[in-house]
Structures are given as structure tokens and as C-alpha cells.
Amino acid sequence: MPLLARRNLLYDKARFAVTLAGIVFAIVLVVIQLGLFIGFTVATSAVIDHSGADLWIAAKGVQYFEVAFPLSERKLYLALGTPGIVSADKLIVRFTAWRRPDGAETNVVVVGFNPATGAGGPWNLIAGSLRDLEIADTVVVDEFYRQGLGVRELGEQVEINNRRARVVGLTRGIRSFTTTPFVFTSFKNALNYTSTAEDQTMYVLARTGPGAAPEEVKARLRERLGDVDVFTRQEFSERTRHYWLFTTGAGIALLVAALVGLMVGCVVVAQTIYATTVDHLREFGTLKAIGASNSYVYSVIVQQAVWSAVAGYGLGMGAAFGVIRLSRGAGAAILVPWQLTAAIFGLTLLMCVTASLVSVHRVTRLDPAEVFRE
Amino acid sequence: MEAAVSIRGVHKTYDAGAVAVSALNGVDLDVRPGEGVMLMGPSGSGKTTLLSIMGCILRPTRGSVRIRGREITVLSERELPRIRLRHVGFVFQSFNLFRALTAEENVALPLELAGKAGREARVRARSLLDAVGLTKRAQARPGEMSGGEKQRVAIARALIGEPDIILADEPTAALDSVAGRGVLGVLRELSLAQGRAVVIVSHDNRASAFVDRVVYLEDGRIVGPEGT
Ligand SMILES: Nc1ncnc2c1ncn2[C@@H]1O[C@H](COP(=O)(O)OP(=O)(O)O)[C@@H](O)[C@H]1O
Ligand SMILES: [Mg+2]
């Protein structure tokens, strides 16, 4: 790095601190907003994405995971008899009432799956055992909802739809998009908890064989099963996300907040770097006058911007993860995949360099003769 | 002897919006190596314009500018910074030092620009600071120095690249008379010792004691007297 760039950065510590504060603020804002958006997006379809099923079969007209319509279990057998399908399971998903030990009632979404295959079931178990779900009247919930559900410890007794239920397992990080918790149980238990007729299901989850293309099998299923909707896992995941993000106002609000955060972040970073560079405009004019090439002036300015970006990014990410850690218990599902951290790094660098180049433009257009004018 | 800088028939017209301002109207001037020239004239007479043209900072509208016999008006925009770096030293009215750099680093900067940074550059910067009487101020930054000190640093910076010509536009205007005389003395002494040509713009008649001749400019023309 040219001496001048290094010295300029470190000389005016207050200036540098303001620059860094601007970048840090922008990064925290963007990470939180985009992380929230991603967190909610992923949460909406998490059960589908973890199901391991290649194809989802549902009654016609289903729009999203939480609300489906009963389907005859005959569809399961028809599906199993379809070439290309190697296994299939039933899955019940339905809103119902949960009564806490203290008697208070709250809404839950019961998810009844086949514990033998785990399709549509929970993951990330941190306490208890999934095998215990084979026992009658047992459920698994996420630790995040313990308080709301009145679950003090494993083995807690509650009532679902006026039937006994015992908590035999806790998961971590399985949240729903809404405030309504998922309650995982066996298909058999779920029939009772949701008052569903024994020969009915909400979904049939099918796996295709290694040689079968899901798209082809999907077409075959549609033909054989008649009046049902068949989705690949990806399609149903996207359908559910799309519903929550775009059909409900909540998703749009999040998206708008994320985009506004991104814009504000970019403007703050650009403005900060621009102000820093313009602060030195006179010195850059002198530099040109005494014989620095344009490329030298560029390298000083751009490197000042790059190092501000790198330092600001490091501090900003540290601060953002601190905020995320603090908010972990507070109900916000902030998810920051590495792609997001990489993208934000790229964006920070891009904004800093672009802003500095815009000011370089002012410098290179600078008439060196200006140095003689006061 | 070949002139350090030679100006022939130089005209300069500024486009100031709708009107064209004629700042220089046919100026001829030679400055020999080691010679000190003082440029005087009323405000607006074209002194700064002439200095800028001699320093390859501004192109004349018409006429010839030679530095050490080399015509520079034919050079491209990209080549001019190198010419300035190699052949010209600048001293400005308001010093134009880099506030984040120490005195020593300010003086050594032209060498860094020329790709000659390093130990030797620092040693040369030191010895020039000694020569301008700032041995003890090498690590001071501009914010910690008086005006006179800053202008001495600027003189050392102007000298370090061993230029053919040093151009100083009202170098004492921001200084009190004692500091001003000190600065002019140092400038004259060192440029004479090193054989550099110096052109000083000043309003102060007393400054003429530090130069070989005074040139008067009026309305963009040299009106004499040539030589003293
Ligand atoms: N960049 C410019 N654009 C337009 N006119 C200018 C510019 N620079 C100088 N002038 C004009 O050129 C004339 C000479 O200016 P200058 O060389 O600065 O004189 P001095 O230094 O002797 O005061 C003045 O009339 C001034 O207004
Ligand atoms: Mg002037």
C-alpha cells in the first residue's frame, strides 16, 4: 500500500472512526434485514426441504404446507404401485388446540409422520428420542416454543384436542413462519389429535428410485391418481414460500424492509467513503501537480477505500453476529448463510471502490493548476 | 549555456464561459540554470498563468515551452506528470504539505512517486531538512509546525528530485516578514548551490535582493526591465 494511503487512514483517527462507523452501521443493518428475510423464507418450507421425499401428493388446490385437505389413503397405495416409486408415506398437517399444564390453550400445527422412515418428521433433536414417538400419545416440539407451550421438561404432560400427550423429544431451530408452533407426532397419534378419519391423509410423500426422473414419475402419478396435485419437493417448497412471502403481507413487508435496508446500507457506505476522499481532494490535487501519475493517485484512493471496506466489514460482521446472538431468544429467525456473508463482503468492497472511483473522477478532472489558486 | 526553461511567444486564453480571457499575450522568457528570477506585476497580470505554463501544469494556447531544450507542448497529457516530477520543483503559497505525513515523509514523497522510496530516500530527505535548518523537526507533522517551517519543508520537497527549475508562487505571502526572508534566503542559497533555476512570484520589493533579476508583467506581457 502506498505510504500516503496508510498514513491518511491512520492519521485522522476520528475521521477513520466515522468512516468505519458508517460501514459498520450499514453492514449490521443489511445483515439483520437480509438475515431475517432469509430466516423466515427458509423457515416457511423447512419441513418440506428436510422431508427427503422427492414428490408431494396433495388434494387439489393446496396452496401451502400448513393447510391441506383430506385425501383418501387409497392414493398411497396407488402411488406405491406406480413405476418409479420405491416408497411412500402418509403425512398429516393440521391446526389444532394445545392445552398447557396450567390449563391455558394455544394453537399448534400438528405434523403426523411415519417415525419408521422419518419422512416429514423433525430433525436436529437435542433431547429425548424420535423412536419414542412409536409409543401412543407422544410428541416432539422445538425448544424455542417451550415457554409458549408450557413445556418445562421432557416428559411434560399436556392435552392436544382433549387427548393426552407427552413430550418425548426437543429439537432446535425448527420454527414456523407464523407464531404457531409445529408439534411432531406419529401419523397414528395425529389421527386422534386432528380428528381425521382413519382412512384419510393430508399428503402422500413419495420417493423415486435411483433411475427414475422425478418429473416423469410426477406425470405418471398425476395420470394414475386423478384429481390430486403432485409437486416435486422443490416445487412444493417454492409454492409454500411464495404463499407466505407474497400472498401474505408479512412476507412483502420483510422483503421491502430487506431491500430498503440494502439500499440505505449502500448509500451510507458510498456516502461515507465519498466524504473521506473529498476530504483529501486538495492533497490529491497537490499530488498531481508535483508529478504523481493518475494511476498513483488512483491507487492511493482505492486502497484507502479497500482497507476501510475490509476493516468496516470485519467490525460490522462482528457486531451483526453479536446482535444476532443477543436476539436468539427473542423470536427472530435470523439466518446468515455463508453466501450472504460473502455477498455482503463483495457488495461492501464494490460500494467502497465505486464511491472512491467517483471521487477519483473528481480528482483526475481536477485541474492541477488549481494548486496555485487559493 | 542551455536555458533551464525557455518560453517563446506564449499566449494563453481562458474560456471563461461566454467570454474568452486573454491572460498571456506573447511572452518570451529564458531562465538559465542557477539563475534566480523574480516575477512582479499587478494582480491579474498573468504571473500565476505563466508559472503554471513553465511548470507543465497548464498548456499554452500558442507558443513554445522548452525545458532543457526539450519542447514540452507537443507531449501528451499522460507524459506531463513525469516531466513535472523530473524537471520541476513547486513551492506554493499555502505550502500544500500532506497533513498525515511527517516532514521527512513529505520531503521524500517525490522520490516515492518516482519509484525510489526506501532508505536512501529517507537519508536524502534528512540531509535536505538539515540544509533548510529543520534537523530537529524531521518527525513533526505539518499541523505541529509554524508557517516558516512548513515552507522550508516545501522547499526541501521541491529540491529532492533535483529539478532543473523551481517555481514558487508567492511563497512568503502567508508568512510574517522575518519568516519570509528566512524562506527566501534558504531557497536562493540552496538553488544556487545546486545550480537550479528559480522563478519566484512576489509582491514584495524587498524580495528582489534574493534574485538576479526582476521581470515585470502587465496585461499578459513582459514590460521589463530585463536584468538588473
Ligand atoms: N482558470 C481560469 N479561467 C478563466 N480565467 C482565468 C483563469 N485563471 C486565471 N484567469 C484570468 O487570467 C488572468 C491572469 O490571471 P493570473 O495568472 O492568476 O494572474 P496573477 O497571478 O498575476 O494574479 C486574470 O484576468 C484571471 O482572471
Ligand atoms: Mg497569482
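As a basis for the values below, the full set of heavy atoms in this structure was taken, side chains included, without hydrogen atoms, waters or symmetry mates. Labels below follow one simple rule: chain letters A, B, ... track the order of the sequence lines, proteins then strands, and each chain is numbered from 1.
- No other option in Glu105(B), Arg82(B), Arg78(B), Glu170(B) has as many heavy-atom pairs under 4.5 Å with chain A as Glu105(B).
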Is there a salt bridge (Lys or Arg N to Asp or Glu O under 4.0 Å) between Arg59(B) and Glu77(B)? Walk through the geometry before answering. CA-CA 10 Å; Arg59(B) 286 169 182 280; Glu77(B) 209 60 48; 3.2 Å; yes

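- Both the backbone and the side chain of Leu287(A) come within less than 4.5 Å of a heavy atom of chain B.
- For Arg141(B), the part sitting under 4.5 Å from any heavy atom of chain A is the side chain, from C-beta outward, and nothing else.
- Residue Arg99(B) places its CZ atom among more than 12 non-hydrogen atoms of other residues, nucleotides or ligands, all under 6.0 Å distant.
- Within the 4.5 Å cutoff, the side chain of Arg66(B) has no heavy atoms near those of the Val5(B) side chain.
- Figure legend: cation-pi geometry between Arg188(B) and Phe210(B) absent, as NZ or CZ is not positioned both under 6.0 Å from the six-membered ring centre and within 45° of its axis.
- For Leu109(B), the part lying near chain A is the side chain, with the backbone staying farther off; criterion is any non-hydrogen pair under 4.5 Å.
- By number of non-hydrogen pairs under 4.5 angstrom with chain B, the leading residue of Leu3(A), Asp12(A), Leu4(A) is Leu3(A).
- A 6.0 Å sphere centred on CG of Asp219(B) holds no more than 12 heavy atoms belonging to other residues, nucleotides or ligands.
- Looking at Arg157(B), the atoms closer than 4.5 Å to chain A (heavy atoms on both sides) all sit in the side chain, from C-beta outward.
- Using a 4.5 Å cut-off between heavy atoms, Phe90(B) touches chain A through its side chain atoms alone.
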Verify side chain to side chain contact (heavy atoms under 4.5 Å, CB included) between Leu58(B) and Lys12(B), making sure each step is shown before the conclusion. CA-CA 9 Å; Leu58(B) 199 65; Lys12(B) 178 68 189 179; 4.1 Å; yes

